[in-house]
Amino acid sequence: MTDLSGRHGVVVGIANKRSIAWSIAQAAANAGARLALTYQDVRLEENVQELAALTRNPLVLPCDVSHDDQLDRLFERIDREFGGLDFVVHGAAFAPKAELTAPFAQTSREGFRITLDVSAYSLIAMARRAQPLMARQGGGSIVTLTFLGSERVFPNYNVMGVAKAALEASVRYLAYDLGRDNIRVNAISAGPIRTLAATGISGFSEILKIHRDRAPLRRNIDAVEVADTAMFLIGPDSRGVTGEILHVDAGFHAVGI
Ligand code: IMJ
């Protein structure tokens, strides 16, 4: 098992106990890491505070990833409290609801801008601020979350698919840039899971059923499986892996028909 004792990490993208980012935070905390957990706004603060209380010595901080000043303050606090940083877990994504229901061709300029800003640019913004703190430790690991909708069409995923494609390309470019400081950047492409990000998506039960029927492992995946893979990408066993999109989807991505 991955040992993260004495390591420090920051996790963004926790909305509630179903969030994949929360499963990763729990796994990292259980592996001995000290964590900074962020909440997007007051609406989610109580949820994150409650969950954070289940981990040892947590730092709970506000951070809306679409605001540079909040990102600046987050990394200043982390630098002050932790004196460095070993890993970042990025699980933030958002598209305005209308963009996930109307036909893709109707995507608005503002909807495109918001979706790409929150879901893709935020990784670049975090990586740049994490870089000096990680370089000081001799390296680090950045892990983000993506979905197969970046590579193939899933009805209604729409501009989120475009944002995830930009996110995955950003993983490769960041891996190239930050590699000189021994900072690795990877993504986990998770199969469909019932999280807040999936609620209200019409036909989600059918998507889970199709995934279960067609995936080589003939089943769905859960957030704990994603967290176990995240522990590999955060920890030293993956020291030679960077710029990678690792599918944790019971093999669904490998199937043609
Ligand atoms: C989301 C929409 C359409 C199809 C979808 C999803 N499938 C899956 C998701 C097949 C698995 C969930 N997913 C992978 C996401 O990345 C979801 C992101 C998301 C969800 C919402 C819902 C509520 C809202 N904005 C959102 N923004 C991003 O208002």
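If you're wondering where the values come from, they're calculated on a predicted model, not measured in any experiment.
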Counting distance only, does the side-chain N/O of [X] pair as donor-acceptor with the main-chain N or O of [Y] below 3.5 Å?
{"X": "Arg152", "Y": "Gly149", "value": "no"}
{"X": "Thr195", "Y": "Ala197", "value": "yes"}
{"X": "Gln70", "Y": "Asp64", "value": "yes"}
{"X": "Asn47", "Y": "Ala15", "value": "yes"}

State, to 0.1 Å, how close Ala250 and Arg219 come at their nearest heavy-atom pair, and which atoms those are.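 Heavy atoms only, the tightest pair is CB-O, 3.5 Å.
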If you take all heavy atoms of Arg18 and Thr199, which pair is closest and at what distance?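 Closest pair (atom of Arg18, atom of Thr199, distance): NH1-CG2, 4.5 Å.
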Dump the intermediate steps for side chain to side chain contact (heavy atoms under 4.5 Å, CB included) on Ile193 and Val226, then the final yes or no. CA-CA 10 Å; Ile193 301 177; Val226 177; 4.0 Å; yes
Of the options [options], which is the one that meets [X] in a side chain to side chain contact (heavy atoms under 4.5 Å, CB included)?
{"X": "Ile142", "options": "Leu174, Leu123, Asn186", "result": "Leu123"}
{"X": "Phe87", "options": "Val143, Ile183, Leu4", "result": "Leu4"}
{"X": "Arg172", "options": "Val185, Thr242, Asp177, Ile245", "result": "Ile245"}

Pairs where residues 212-254 contributes a residue and the test ring pair (Phe, Tyr, Trp, His ring centres under 6.0 Å) is met, not counting sequence neighbours: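 Of all non-adjacent pairs touching residues 212-254, those that pass ring pair (Phe, Tyr, Trp, His ring centres under 6.0 Å) are His211-Phe252, His247-His253.
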May I ask you to list the residues sharing a hydrophobic cluster with Leu116, side-chain cutoff 4.5 Å, ordered by chain and number?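 When side chains under 4.5 Å apart are linked, the cluster holding Leu116 also contains Phe104, Phe112, Val159, Val162.
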Keeping to residues at least two apart or across chains, list the side-chain hydrogen bond (donor to acceptor under 3.5 Å, both in side chains) pairs with something in residues 111-120.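 As it turns out, the side-chain hydrogen bond (donor to acceptor under 3.5 Å, both in side chains) pairs with a partner in residues 111-120, which skip direct neighbours, are Glu110-Arg113.
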Using the salt bridge (Lys or Arg N to Asp or Glu O under 4.0 Å) rule, collect all pairs that involve residues 129-147, keeping only residues at least two apart or in two chains.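 For residues 129-147, and leaving out neighbouring residues, the salt bridge (Lys or Arg N to Asp or Glu O under 4.0 Å) pairs sorted by first residue read Asp68-Arg129, Asp72-Arg129, Asp79-Arg136.
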Yes or no on side chain to side chain contact (heavy atoms under 4.5 Å, CB included) for Gln40 and Cys63, after CA distance, side-chain angles and deciding distance? CA-CA 5 Å; Gln40 191 214 326; Cys63 185; over 6 Å; no
Indicate yes or no: at least one non-hydrogen side-chain atom of Tyr157 is less than 4.5 angstrom from one of Ser150.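 Tyr157 vs Ser150: side chains apart.
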Heavy-atom side-chain contact between Ile234 and Val89 under 4.5 Å: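 Yes, side chains in contact.
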Gln131 vs Met134, test: side chain to side chain contact (heavy atoms under 4.5 Å, CB included). Steps then yes/no. CA-CA 5 Å; Gln131 184 175 10; Met134 288 178 160; over 6 Å; no
Please determine, by modelled atom types, if Arg184 and Ser238 share a side-chain donor-acceptor pair under 3.5 angstrom.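 There is such a pair between these side chains.
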Using the ring-ring contact (aromatic ring centres under 6.0 Å, His included) criterion, which residues pair with His8? Sequence neighbours excluded.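 Once residues adjacent in sequence are excluded, the partners of His8 under the ring-ring contact (aromatic ring centres under 6.0 Å, His included) criterion are Phe82.
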Met126/Leu71 under side chain to side chain contact (heavy atoms under 4.5 Å, CB included): CA gap, chis, key distance, verdict: CA-CA 7 Å; Met126 289 192 71; Leu71 285 163; 3.8 Å; yes
All side chain to side chain contact (heavy atoms under 4.5 Å, CB included) counterparts of Asp228, not counting sequence neighbours: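 With neighbours one apart ignored, the set is Val224.
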Do Val11 and Leu85 share a hydrophobic cluster (ILVMFWY, side-chain heavy atoms under 4.5 Å, transitive)?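 In one cluster with Val11: Leu85, no.
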